[in-house]
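To keep things clear, I will list the structure first and then write my remarks on it.
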Amino acid sequence: MSKQENGRLPAEGSIITDLSLENAQGGFTRRDMMRTLLAGSLMTVGGSGLLTASGSAMAQAAQTGKRGGKMRIATQTSSTADTLDPAKTAHSTDYTRAHMFYNGLTKLDGKLAPQMVLAEEMLTNDAITWTVKLKKGVTFHDGKPFTPADVVFSLMRHKDPATASKVKVLADQIESVKATGPNEVQIKLTSANADLPVILATAQFLIVRDGTTNFSSANGTGAFKLKEFTPGVRTIGVRNENYWKSGLPYLDEVELFGIPDEAARVNALLSGDVHWINDVNARSTGRVKGTAGYTVMETKSGQYTDLVIRQDVAPGNSMDFTLGMKYLLDREQIKMAAFRGYAVTANDQPIDPTNRFYFAGLPQRAFDPDKAKFHLEKAGVMGSTIPVVASVAATGSVDMAVLMQQSAAKIGLKLDVKRVPADGYWSNQWMKVPVGFGNINPRPSADILLTQFFKSDAQWNESGWKNAQFDQLVVAARGETDFTKRKSMYADLQTMIHEKCGIGIPVFIINLEGMSTKVKGIDPVPLGAFMNYTCAEYVWLDA
């Protein structure tokens, strides 16, 4: 996947700030929900809404936004596999495009709390059966009204293997979706999951019209209508004059395209060809900040570039090899040399320190050449040559590989760093070579991250790690409504990944985006670039 962000959302630009923080708009907050869960009784369908619609900061900004203008956005990836089908979206360009044309039932705000969009409220008393009240008066671009049938179709299609949905492993938690009224659906899960409103905010779950099978066009309920779409080239959307959100969008037109080369992307920004870019290299920040009319937005996140050791082939099928390679990660050196300090030291656990479920009690794995040599000798690889595949597609991976190569040489191990082009890296190299690198954007919840990347049946199980105990604990934690018990479960899960999985995570990367100071209305979301890929709907240009 061209920077498939392994769903690189990701990521899904991003997270994992404490979901217990109150949402800025009032109403029922994530903290309130957890308190209710702790009390052992989620609100009943007959009570007040568990998650209800509230006035958004974006709606308030409608009073000051400037109408008109065309904004150009350049992301770090594009390919002929680019899609208008939300279910198949897999990288930043796809996500940004999808959010131009479609809406979801929910969205995440700047504190990663779920807010209502096409849903007016979501109600449950057990975190298994959810009643969703739907927004009235919404129409698709073709003029057809938004109905419960559209929600039923949009959610259930992910369960069909023929759809090839990127979130099938998440959708498999959904047992049924059925219309229960003219503006109401019932979602029943296979087991309890208090994070359903968060899950439904992911790009793949955006709502399409009932029965849609042809995605050569985009018939959504979103802020823009499709004017042009050429996969791998560009997308142009024009304002939906009949958009159901009053006053939005501000922009007349948005053009979206990919520029895989970071230097070329920065040049395009500073020459005025584009207004906003993502995935800015730390080395470029000084240049962008030093140019009048441009700035860099920094967002701490759970994004990471990881060392990926396949455990289903040699030499990674030896746990000693995996441990030896992890001890060769000089985390502080990687932080400064590969990311210019725009990173937070990590510990081979995928949940970062801003997440409420981060396990701080895990002993830090230090850079230790002697321990590395001990384990690598036990693995029987000393004296041999180990190929390590790296690419600029996985941010910082080339620098990381070279630093590991230098450390390995000092203990007598030869690492052959193979630098491959960004083009085709995600489809041809990632998860297919014995030793390589991934680049994972954060997910909106710990459960989504662990389900998509570490469960045995995960589509993006990078190292091919399979652990039945881990799988069972993920499901148990997902439905646990006692916060203390759930946090303990996530601590155990992080420990298992740290000790047994073929993934080495040296740092969490601070997300860097470059933009023109003409872009206004920016409300960063620490889950993804471009305001978690929704910026087109909310920002405006101040000429």
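Source: prediction; values computed, not measured. Below, all heavy atoms of this structure are taken into account, side chains as well, without hydrogens, waters or symmetry copies.
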- What are the two closest non-hydrogen atoms of Ile259 and Phe257, and how far apart are they? CD1-CE1, 3.8 Å
- Side-chain (Asp306) to main-chain (Ile505) donor-acceptor, under 3.5 angstrom: no
- Answer whether the closest heavy-atom distance between the side chains of Thr106 and Gln115 falls below 4.5 Å. no
- Message: Assess whether a salt bridge exists between Glu537 and Lys245, defined as any Lys/Arg side-chain N lying under 4.0 Å from an Asp/Glu carboxylate O.
- Response: yes
- Message: Donor-acceptor check, side chain of Thr93 to backbone of Thr77, threshold 3.5 angstrom: yes or no?
- Response: yes
- Query: At their closest point, which heavy atom of Lys159 faces which heavy atom of Ile174, and how far apart are they?
  - Reply: NZ-O, 2.7 Å
- At what distance, to the nearest 0.5 angstrom, does CG of Leu155 lie from NZ of Lys178? 15.0 Å
- When every non-hydrogen atom of Asp279 is compared with those of Glu262, the smallest separation belongs to O-CG, 3.6 Å
- Residue pair Val169 / Val167, side-chain heavy-atom distance below 4.5 Å: no
- Task: Quick one: closest heavy-atom pair of Ile236 and Phe101, and the distance?
- Result: O-CZ, 4.3 Å
- Task: Evaluate side chain to side chain donor-acceptor pair (under 3.5 Å) for Thr221 paired with Asn103, printing each intermediate quantity in order.
- Result: CA-CA 6 Å; Thr221 61; Asn103 296 126; 2.7 Å; yes
- Query: Going by an N to O cut-off under 4.0 Å, is there a salt bridge joining Lys455 and Asp457?
  - Reply: yes
- Query: Mind checking whether Phe508 and Tyr304 have parallel, tilted or perpendicular rings, split at 30° and 60°?
  - Reply: perpendicular
- Side-chain donor/acceptor of Asp94 to backbone N/O of Thr83, under 3.5 Å: yes
- Task: Just jot down the salt bridge (charged side-chain N to carboxylate O under 4.0 Å, His left out) partners of Asp172, sequence neighbours excluded, or say none.
- Result: Lys168
- Message: Counting the benzene-type ring for Trp, do Phe483 and Phe357 have ring centres under 6.0 Å apart?
- Response: yes
- Query: Would you say the side chains of Asn193 and Gln173 form a donor-acceptor pair under 3.5 Å?
  - Reply: yes
- Note on the structure: Nearest heavy-atom approach of Asp150 to Phe140 is OD2-CE1, 3.2 Å
- Does Ile497 reach the side chain of Leu450, with side-chain heavy atoms less than 4.5 Å apart? yes
- Item | CA sep, side-chain torsions, deciding dist, call: Asp195, Arg486, salt bridge (charged side-chain N to carboxylate O under 4.0 Å, His left out) | CA-CA 13 Å; Asp195 288 333; Arg486 196 178 191 197; 3.0 Å; yes
- Message: Could you check whether any side-chain heavy atom of Lys166 comes within less than 4.5 Å of a side-chain heavy atom of His158, counting everything from C-beta outward?
- Response: no
- Task: Step by step, work out the side-chain contact (heavy atoms from CB on, under 4.5 Å) result for His141 and Asn240.
- Result: CA-CA 8 Å; His141 296 160; Asn240 176 7; 3.6 Å; yes
- Message: Using a 3.5 Å distance criterion without hydrogens, assess whether the side chain of Thr89 forms a donor-acceptor pair with backbone atoms of Pro86.
- Response: yes
- Message: Working to the nearest 0.5 angstrom, can you tell me the gap between Ile73 CD1 and Leu256 CG?
- Response: 6.0 Å
- Does some side-chain heavy atom of Val254 sit less than 4.5 Å from a side-chain heavy atom of Met100? yes
- Query: When rounded to the nearest 0.5 angstrom, what is the spacing between CZ in Arg265 and CD1 in Ile277?
  - Reply: 6.0 Å
- Message: For the CD atom of Glu121 and the CH2 atom of Trp130, what is their distance to the nearest 0.5 Å?
- Response: 12.0 Å
- Task: Verify, without hydrogens or angle tests, whether His275 (side chain) and Arg72 (backbone) share a donor-acceptor contact under 3.5 angstrom.
- Result: yes
- Electrostatic pair Lys485:Glu480 at N-O distance under 4.0 angstrom: no
- Nearest-0.5 Å distance that lies between atom OG1 in Thr230 and atom CG in Asp82: 10.0 Å
- Query: Does the side chain of Glu513 pick up a donor-acceptor pair with the side chain of Asn278 at under 3.5 Å?
  - Reply: no
- Query: Under the 3.5 angstrom rule, does the side chain of Ser154 hit a backbone N or O of Val208 as a donor-acceptor pair?
  - Reply: yes
- Task: May I ask you to check whether Gln459 and Asn461 show a side-chain donor-acceptor distance below 3.5 Å?
- Result: no
- Message: Main chain of Thr129, side chain of Asp126: is a donor-acceptor contact present, judged purely on distance under 3.5 Å?
- Response: yes
- Message: Is it the case that the side chains of Trp430 and Asn439 hold a donor-acceptor pair, with the cut-off being a distance below 3.5 Å and no angle test?
- Response: no
- Query: After noting the C-alpha distance and the side-chain angles of Phe454 and Val474, does the key distance pass the side-chain contact (heavy atoms from CB on, under 4.5 Å) rule?
  - Reply: CA-CA 9 Å; Phe454 295 93; Val474 168; over 6 Å; no
- Item | Check ion pair Glu255-Arg234 (N to O, under 4.0 angstrom) | yes
- Could you walk me through whether Lys70 and Glu253 pass salt bridge (charged side-chain N to carboxylate O under 4.0 Å, His left out), step by step? CA-CA 5 Å; Lys70 174 180 178 177; Glu253 185 172 305; 3.1 Å; yes
- Message: Show, in sequence, the C-alpha distance, side-chain angles and deciding distance for Tyr342 and Asn511, and conclude whether the side-chain contact (heavy atoms from CB on, under 4.5 Å) test is met.
- Response: CA-CA 8 Å; Tyr342 290 101; Asn511 188 40; over 6 Å; no
- Message: Can you confirm whether Val475 sits close enough to Ser191 that some side-chain heavy atom of one is under 4.5 Å from a side-chain heavy atom of the other?
- Response: yes
- Task: Nearest 0.5 Å please: distance from the OG1 atom of Thr235 over to the CG atom of Leu226.
- Result: 7.5 Å
- Within-4.5 Å side-chain heavy-atom neighbours: Phe530 and His99: no
- For residues Phe339 and Gly396, report the shortest heavy-atom separation together with the two atoms involved. CZ-CA, 3.9 Å
- Would you check if Glu120 and Leu134 make a side-chain contact, meaning some heavy-atom pair closer than 4.5 Å? no
- State whether Arg478 and Asp471 are salt-bridged, where the test is any N-O pair (Lys NZ or Arg NE/NH1/NH2 against Asp/Glu carboxylate O) under 4.0 Å. no
- Salt-bridge contact Arg239-Asp252 (side-chain N to carboxylate O under 4.0 Å): yes
- Step by step, work out the side-chain contact (heavy atoms from CB on, under 4.5 Å) result for Ile522 and Met297. CA-CA 10 Å; Ile522 298 170; Met297 183 164 68; 3.9 Å; yes
- Task: Consider only side-chain N and O atoms of Asp447 and Ser445, and report whether a donor and an acceptor are under 3.5 Å apart.
- Result: no
- Quick one: does Thr163's side chain have a donor or acceptor within less than 3.5 Å of a partner on Ser165's backbone? no
- Do we see a donor-acceptor contact under 3.5 Å between the side chains of Thr75 and Ser92? no
- Message: salt bridge (charged side-chain N to carboxylate O under 4.0 Å, His left out) for Asp210 and Lys144? Distances and angles first, verdict last.
- Response: CA-CA 10 Å; Asp210 179 25; Lys144 300 291 185 181; over 6 Å; no
- How are the rings of Trp460 and Phe453 set relative to one another: parallel (under 30°), tilted (30 to 60°) or perpendicular (over 60°)? parallel
- Query: For Lys227, does the NZ atom sit with more than 12 other heavy atoms under 6.0 Å from it, leaving out its own atoms?
  - Reply: no
- Side-chain ion pair, Lys188 and Glu175, N-O less than 4.0 Å: yes
- Item | Note: Asp85-Arg157 ion pair, threshold 4.0 Å (strictly below) | yes
